[in-house]
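What follows is a short report on a single structure.
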Amino acid sequence: MKKIPRISLAQLPTPVEPLKNLSAKFDGSQLWIKRDDQTGLAFGGNKTRKLEMLMAEALANGARTVITAGAVQSNHCRQTAAAAAKLGLDCILVLTGQAPDLLSGNTLLDHLLGAELVYARKEERESTLTMMFQKAWEEGKRPYLIPYGGSNPTGAAAYAYAFAEFVQQGIEIDWVVTASSSGGTQAGMVLGAKVSGFRGKVLGISVDEPAAVLEERVLTLANQTADLLDAGCKILKEDIYLNAEYLGKGYGIPTDYDKRGIIEFAREEGILLDPVYTGRAAGAVLDLLEKGLFKHGERILFWHTGGAPALFADAYRELFAGS
Ligand SMILES: *Cc1c(COP(=O)(O)O)cnc(C)c1O
């Protein structure tokens with residue numbers, strides 16, 4: 001894979017650790033974790049890796065301001081705000097939803113990190129983004145637009161390199177499981193796996209889209225990323241493993257599976273997950289282990305992508321009451 005411009009924001013490589021207590025509960029299977037919640041930038045997460053590439057591109061383009069968008073409790077927005085602060089750039093965040101009465105969780109951190117917060121209804125997100133960009137441009141702030149979730153080929157490339165980092169760590173794994181939403185993380189991993197000759201499978205757990213939508217997104221992005229990196233390979237539908245059976249009532253609405261994932265990782269391993277992404281992926285892993293999707297003796301790596309600050313969001317205040 002070709003190298004593309006990158007600035008250092010993350011503490012790498014992130015650790016790979018065995019999950020001994022959880023493994024003991026599932027006779028015969030071995031569970032591991034890769035700690036991308038520990039990338040180090042303002043509570044870390046997977047977006048820090050993507051931002052190493054995206055911010056390099058922004059700076060190369062002479063940006064003085066970065067603009068991006070996400071859900072109110074977006075981890076991507078929080079990490080973008082932190083990266084911007086570190087690099088001396090202004091940051092504008094367009095958050096989908098109502099302005100909360102009280103800043104909490106990620107929005108509190110966005111504010112603390114100095115970002116300008118703009119709220120928009122879902123239907124108005126794109127037009128608000130365009131308007132904010134235009135306004136910043138006219139004011140001479142040299143804005144640079146970072147895509148939703150940091151998921152374009154530049155951002156996804158970070159996860160192709162991340163997968164190579166994991167392969168270097170030399171632990172034999174049959175399944176790598178990750179939460180998947182805007183698809184860049186999974187697309188990069190699938191590409192990195194193919195380029196490295198990884199013999200296991202990369203399984204994305206959808207947190208908000210039906211399987212067909214997410215599959216198309218990951219496939220397209222993985223191939224665009226392969227082109228960007230001159231990877232010399234083509235990603236096929238068969239390379240993409242997806243499960244969209246844990247969506248419940250949708251994005252950001254925790255199910256009992258999600259809660260179980262969060263509680264078991266916390267109480268068995270002392271590892272904090274989040275109520276939107278990693279809780280859902282972990283809940284799926286535990287359930288799929290019980291259902292026998294993973295065969296006896298297989299080694300499963302849960303790739304932790306961060307997000308725990310959302311546990312402190314006002315919206316989730318009652319989530320674990322009585323659990
Ligand atoms: C953004 C995010 C994901 C999903 O990554 P995508 O590249 O958007 O698919 C997973 N986990 C956490 C904690 C995230 O913030």
Side-chain angles (χ1 to χ4, degrees), residues 37 43 45-47 68-79 93-110 117 119-125 148-151 177-186 203-215 217-218 242-267 271-288 290-291 302-323:
D37 57 320
F43 295 132
N46 61 339
K47 305 311 181 309
T68 196
V72 171
Q73 282 298 329
S74 165
N75 302 300
H76 163 66
C77 287
R78 181 236 320 147
Q79 286 159 89
L93 302 175
V94 176
L95 304 176
T96 320
Q98 285 215 323
D101 298 334
L102 203 75
L103 297 178
S104 67
N106 280 306
T107 49
L108 173 65
L109 301 177
D110 296 340
L117 307 185
Y119 296 89
R121 286 190 296 148
K122 193 161 190 191
E123 315 80 78
E124 287 164 357
R125 187 176 72 204
Y148 193 73
S151 284
V177 187
T178 188
S180 193
S181 174
S182 65
T185 302
Q186 189 181 357
L203 172 65
I205 306 294
S206 177
V207 303
D208 63 352
E209 300 284 11
V213 174
L214 187 54
E215 182 186 66
R217 189 181 291 170
V218 172
L242 262 176
N243 181 308
E245 272 156 35
Y246 294 90
L247 296 172
K249 293 204 173 87
Y251 177 85
I253 305 171
T255 64
D256 287 345
Y257 292 107
D258 303 354
K259 279 174 64 174
R260 177 193 174 194
I262 295 169
I263 288 174
E264 294 223 9
F265 272 65
R267 295 185 187 165
I271 291 174
L272 297 172
L273 304 179
D274 83 282
V276 180
Y277 300 92
T278 54
R280 186 153 290 179
V285 167
L286 300 181
D287 193 51
L288 292 171
E290 279 174 0
K291 289 189 172 143
F302 179 77
W303 199 310
H304 193 336
T305 44
L311 287 172
F312 303 101
D314 219 25
Y316 299 123
R317 204 170 39 184
E318 314 259 9
L319 189 57
F320 298 102
S323 299

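When a residue number appears, it is its place in the shown sequence, counting from 1.
The backbone N or O of Asn75 sits less than 3.5 Å from a side-chain atom of Gln79, completing a donor-acceptor pair. Between the side chain of Lys259 and the backbone N or O of Leu319 there is at least one donor-acceptor pair closer than 3.5 Å. Side-chain N or O atoms of His76 include none that pairs as donor or acceptor with a backbone N or O of Ala71 at under 3.5 Å. Checked by atom type and distance alone, the side chain of Arg280 pairs as donor or acceptor with a backbone atom of Leu247 at under 3.5 Å. Using a distance-only test at 3.5 Å, with no hydrogens or angles considered, a donor-acceptor pair links the side chain of Ser104 to the main chain of Asp314.
Smallest separation of non-hydrogen atoms from Leu242 and Gln186: CD2-OE1, 3.6 Å. Closest approach of Pro254 and Gly252 over heavy atoms only: CD-O, 3.3 Å. Nearest heavy-atom pair across Val94 and Ala120 is CG1-CB, 4.1 Å. Between Ile262 and Pro275, the shortest heavy-atom distance links the atoms CD1-CA, 3.7 Å. Contact record, Thr305 with Ala179: OG1-CB, 4.4 Å, taken as the closest heavy-atom pair. Closest of all the heavy-atom pairs between Pro210 and Ala244 is C-CB, 4.2 Å.
For the pair Phe302 and Thr278, the minimum side-chain heavy-atom distance is below 4.5 Å. No side-chain heavy atom of Ser180 sits under 4.5 Å from any side-chain heavy atom of Thr185. Under the 4.5 Å side-chain criterion, counting only non-hydrogen atoms from C-beta, Thr68 is in contact with Cys77. In this structure, Thr178 and Asn46 have side chains that are not in contact, with every pair of non-hydrogen atoms separated by 4.5 Å or more. When side chains are defined from C-beta on, Tyr148 counts as touching Arg125, because their heavy atoms get closer than 4.5 Å. The shortest side-chain heavy-atom distance between Leu286 and Glu290 does not fall under the 4.5 Å cut-off. Looking at Asp274 and Gln73, their side chains never come closer than 4.5 Å, going by heavy atoms from C-beta outward.
Remark: Gln98 CD is loosely packed, at most 12 non-hydrogen atoms of other residues, nucleotides or ligands lying under 6.0 Å away.
Separating the CD atom in Glu209 from the CG atom in Leu214 is a distance of 6.5 Å, to the nearest 0.5 Å. To the nearest 0.5 Å, atom OG of residue Ser323 and atom CD of residue Glu318 are 11.5 Å apart. For the atom pair Ile205 CD1 and Ser181 OG, the distance stands at 13.0 Å (nearest 0.5 Å). The OH atom of Tyr119 sits 5.0 Å away from the OG1 atom of Thr107 when rounded to the nearest 0.5 Å.
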- From CA spacing to verdict: side-chain contact (heavy atoms from CB on, under 4.5 Å), Val177, Leu288: CA-CA 11 Å; Val177 187; Leu288 292 171; over 6 Å; no
- Starting from the C-alpha separation in whole Å, work towards a yes-or-no answer on side-chain hydrogen bond (donor to acceptor under 3.5 Å, both in side chains) for Tyr246 and Asp287. CA-CA 10 Å; Tyr246 294 90; Asp287 193 51; 2.7 Å; yes
- Message: Between Asp258 and Thr255, is the side-chain hydrogen bond (donor to acceptor under 3.5 Å, both in side chains) condition met? List the steps.
- Response: CA-CA 5 Å; Asp258 303 354; Thr255 64; 2.8 Å; yes
- Checking side-chain contact (heavy atoms from CB on, under 4.5 Å) for the pair Tyr316/Val276: CA distance, chi angles, key distance, verdict? CA-CA 10 Å; Tyr316 299 123; Val276 180; 3.5 Å; yes
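Ring geometry for Tyr277 versus Tyr251: interplanar angle over 60°, hence perpendicular rather than tilted (30 to 60°).
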